[in-house]
Amino acid sequence: MATTEPVWAVAGERTVTCTHCGQGWFWTRRIVMSSSTASLFGMDGFSPEAAVLSCTSCGKLELFEPRALQLFTSTS
């Protein structure tokens, strides 16, 4: 889900803005929230995923449940 162009996002019927600088464009990707114990036993595949929004202006990261986000590009 990594994007090649910035997106704006909606979560919980509200437009997401950066909590640091207030702007609303983000790079996005999904990450696995694995623990060292899960990695030790090769169970990373069962770890939960998170959607990460990285502010295009200041770089602050915001984590969301992937199903809670709607992502839009400047062309959508």
- request: Evaluate the criterion side chain to side chain contact (heavy atoms under 4.5 Å, CB included) for residue pair Val7 and Phe72; output intermediate values, then yes/no.
  value: CA-CA 5 Å; Val7 299; Phe72 303 92; 6.0 Å; no
message: Looking at every heavy atom in both His20 and Cys58, which two are closest together, and how far apart are they?
response: CD2-SG, 3.7 Å
Contacts of type side-chain hydrogen bond (donor to acceptor under 3.5 Å, both in side chains), residue Gln70, not counting sequence neighbours: none
Test side-chain contact (heavy atoms from CB on, under 4.5 Å) applied to Ala11 - qualifying residues, sequence neighbours left out: Val16, Phe64, Leu69
field: For the student: nearest non-hydrogen atoms of Trp8 and Thr73, plus distance
entry: NE1-O, 4.0 Å
field: Inter-residue atom distance Cys55.SG - Phe26.CZ, 0.5 Å rounding
entry: 5.5 Å
CD-OG1 distance between Glu62 and Thr28, expressed to the nearest 0.5 angstrom: 11.5 Å
query: What pairs meet the salt bridge (Lys or Arg N to Asp or Glu O under 4.0 Å) rule with one or both residues in residues 9-27, with sequence neighbours excluded?
result: none
message: Within this structure, what is the SG-NZ distance for the pair Cys21 and Lys60, rounded to the nearest 0.5 Å?
response: 10.0 Å
task: Quick one: list whatever passes side-chain contact (heavy atoms from CB on, under 4.5 Å) with Thr56, sequence neighbours left out.
output: Pro6, Gln23, Trp25, Trp27
query: Atom CZ of Arg29 and atom CG of Leu61: how far apart are they, to the nearest 0.5 Å?
result: 9.0 Å
message: Working to the nearest 0.5 angstrom, can you tell me the gap between Leu63 CG and Leu53 CG?
response: 8.5 Å
